Amino acid sequence: MTGDDPLEESEDGTPLPDGGAAGADGEGSKVPRADGGAVDDVALDPWGSSSVSDYRKLFEEFGIEEFDEVLEEVPHPHYLMRRGVIFGHRDYRPVAEAMREDEPAAVLSGFMPTGDPHIGHKLVFDEIIWHQQQGADAYGLIADLEAHAARGMSWEEIDEHARSYLLSLLALGFDPEEGTLYRQSENREVQDLAFELGAEANFSEFQSIYGFDGETDVSHMQSVVTQMADILYPQLEEPKPTVIPVGPDQDPHVRLARDLAERMRFFKVSKAYASFELEPDERALVVEFYERLEPAEFDDDQLRCTHVAEALAETPLADLETDADTLRSVLTKLEEAGMEPIRPRTRFFDRRATDEAFEALIDAIDGEKRVYENHVDAFDIDLAEAEELAREVEVDNGGYGFRPPSSIYHRFMTGLTGGKMSSSIPASHISLLDDPEEGYDKVKSATTGGRETAEEQREKGGKADECPVYELYAYLLSGDDDEFAKLVYDECVGGERLCGDCKEQAAELMREFLAEHQEKRAEAEELLEEAEIELESPRRR
Ligand code: TRP
Ligand code: SF4
């Protein structure tokens, strides 16, 4: 797990589920999507060499949602969103809404300083910067502890690379006065939060999520809780929708962070029907009967637990959408509660609140309420109001009130030599530090989705969807200009564009981009000196 190629874990070749052509034929201004050659199977390993051969599996097996479905809710979406490079998300809606409504939101991502920043990192830099421009609090962090623990990087190497990442981030437009830059090792609050979050996670969980075993060093585990703290850090001052832009290899971290955020909460809010707890499938059964029974059928003025029990007992199991165990346990609970009325209510379950916080919550609930040992039931508050109230009381009483962090996922780029983009194969990727001429040469010698002969290409058109050069146009070289990206695509698949000229144009654009970026990096030196981030590790081994 140590010494892996940093590029391989995060930037590799991938095909598109929906194919680029979908955008090409007449979906308004939608730009055709870049596509790459197929590689391995789906495996989300933050330190392995993850690759994704089928993005659909990420939706089906991991529950990542399609970005297209939230696209409309995003104000002025970034071109990476419009072109499907950002293909997936978890819970991005609250972030989009906060940006629309000018409410607090945050964006944070982190970089392991294991090598030179390359065009894959640029995607993430751009995502952070774009969210910052939409008004989000922006955070860029250097994952130096992780690089040291999981990659065995020396502090000297870390310092050198960290500086370089930061220069590119600033050169691309990150505003250090508005935003926050830090390194994990220097951020005491992150360390403290990591320690607290660590109390909510245990080794078996790390085993099942990350495949850790008895050989895994403790610092590596610590770097995981540190990343959890990074992800929640923007919410230390106040809870707010926060998005973490990353590659899908980081999804296991996002899921764990969402879990931990929830486990830190004082109260759990849910819908309930009686004083006792019901499992979700039990609740479904009770709700069904609650809705269909009338108290008059039982000669009563209100529906009671015993009535539902009676009706349930008379219904054959085959007519119920449940199993025998669930039915039995519901019956027991209902019979024990006897004459207690069944009434819908909103429940605040006390998970880990202090006594004072629980008291404060009880006081804060308006209208009719019932107080039990570990929960309060409120009869005049709906679920959404209750969520708000629970968070408010938690924060007023010293809790964090974390919202589950959101994420967006970008596609991995295909290597210029086909297959994976890998930092161990210099010709396969373009570093932001590559000499502009070298960048030019790399593009000129890239593999393409072209046909055997010019003739064939004119006849059948090129395969832009499988072309790493088209990917460069879509992910980077076209910038915000959708029309240009679409033109390249249409000309390619229409057979009007031949690879020689196409690569020449791309190579020139790349040369220009690199020259300009490097100039801006030089200018950013000053900004970096002024920025509040430690550039030299006190540790030297
Ligand atoms: N683990 C990330 C990587 O391998 C780096 C990282 C550390 C990070 N903390 C983070 C990414 C918080 C996103 C959010 O590149
Ligand atoms: Fe790729 Fe351009 Fe050739 Fe089309 S014309 S296959 S986009 S290099």
Side-chain angles (χ1 to χ4, degrees), residues 4 6-11 20 32 34-36 45-48 50 106-115 117 120-121 124 127-128 139-147 149-151 165 182-185 187 190 194 210 220 223-234 242-247 249-254 256-257 405-409 414 416 443-451 454 456-458 460-474 477-478 485 487-507:
D4 276 351
L7 264 178
E8 254 163 299
E9 48 110 35
S10 54
E11 313 299 336
D35 196 352
D45 176 354
W47 301 283
S50 300
V107 58
L108 170 141
S109 196
F111 306 92
M112 254 210 279
T114 50
H121 295 114
V124 183
E127 291 174 71
I128 296 177
Y139 297 76
L141 70 100
I142 298 297
D144 58 350
L145 294 180
E146 185 182 1
R151 287 291 165 70
Y165 279 79
Y182 71 87
R183 48 198 290 169
Q184 290 176 325
S185 64
N187 190 329
V190 164
Y210 302 113
H220 194 172
S223 76
V224 173
V225 286
T226 304
Q227 179 158 353
M228 297 304 110
D230 289 332
I231 292 176
L232 296 170
Y233 180 59
T242 302
V243 61
I244 314 296
V246 277
D249 59 304
Q250 298 291 307
D251 185 55
H253 289 310
V254 171
L256 179 58
S406 313
S407 54
I408 51 177
Y409 301 107
T414 312
L416 296 178
V443 177
K444 283 286 271 196
S445 22
T447 344
T448 71
R451 307 283 177 178
E456 194 188 342
Q457 177 116 342
R458 284 202 191 88
K460 300 183 182 155
K463 291 185 269 190
D465 293 320
E466 292 167 26
C467 179
V469 178
Y470 177 67
E471 232 177 75
L472 292 178
Y473 279 106
L477 302 174
S478 306
L487 181 80
V488 172
Y489 187 90
D490 290 347
E491 286 182 354
C492 169
V493 300
E496 295 147 57
R497 187 173 263 266
L498 297 183
C499 296
D501 289 347
C502 183
K503 284 208 280 189
E504 175 64 27
Q505 188 180 19

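Here the structure is a predicted model, which means the values were calculated and not measured. One-based numbering, in listed order, for ligands and for the atoms of each. Along the sequence shown, residues carry numbers from 1.
Remark: ligand 1 atoms within the under-4.0 Å shell around heavy atoms of Gln184 are 7 (C), 9 (N). Distances below 4.0 Å separate heavy atoms of Ser109 from the following atoms of ligand 1: 13 (C). Listed by number with element, the atoms of ligand 1 under 4.0 angstrom from any heavy atom of Leu108 are 12 (C), 14 (C). For ligand 1, the atoms closer than 4.0 angstrom to any heavy atom of Ile244 are 13 (C), 14 (C). Proximity to Leu141 (heavy-atom distance under 4.0 Å) selects the following atoms of ligand 1: 9 (N). Annotation for ligand 1: atoms under 4.0 Å from non-hydrogen atoms of Met112 are 4 (O). Every atom of ligand 1 with a heavy atom of Glu146 under 4.0 Å away is listed here by number and element: 1 (N), 2 (C), 4 (O), 5 (C), 6 (C), 7 (C).
Counting heavy atoms closer than 4.0 Å to ligand 2, residue Glu491 contributes nothing at all. Only the side chain of Val246 comes within contact range of ligand 1, with a heavy atom under 4.0 Å; no backbone atom does.
A ring-centre distance under 6.0 Å is found for Tyr210 and His253. Between Tyr233 and Tyr182, the distance from one ring center to the other falls under 6.0 angstrom.
Under a 4.0 Å N-O distance rule, the pair Arg151/Glu146 does not qualify as a salt bridge.
A side chain to side chain contact (heavy atoms under 4.5 Å, CB included) with Leu108 is found for exactly one of Val246, Ile244, Ile128, namely Ile244.
Using a 4.5 Å cut-off on side-chain heavy atoms (C-beta onward), Gln184 and Leu141 make contact. Side-chain atoms of Thr448 and Pro468, non-hydrogen and from C-beta on, never get closer than 4.5 Å to each other. With contacts defined as side-chain heavy-atom distances shorter than 4.5 Å, the pair Leu232/Pro405 qualifies. A heavy-atom distance below 4.5 Å is not found between the side chains of Glu496 and Arg458.
The closest approach between a heavy atom of Gln457 and any atom of ligand 2 is below 4.0 Å.
Across all their heavy atoms, Ala446 and Lys503 have their closest contact at O-NZ, 2.7 Å. Residue Ala150 comes nearest to His220 through the heavy atom pair CB-NE2, 3.6 Å, listed as atom of the first residue, atom of the second, then distance.
Checked against a 3.5 angstrom limit, the closest N/O atoms of Gln250 and ligand 1 fall inside it.
A cation-pi contact, defined as under 6.0 Å to the ring centre and within 45° of the axis, links Arg497 to Tyr473.
Around atom 1 (Fe) of ligand 2, the protein contributes the following N, O or S atoms under 2.8 Å, ordered by chain and number: Cys467 SG.
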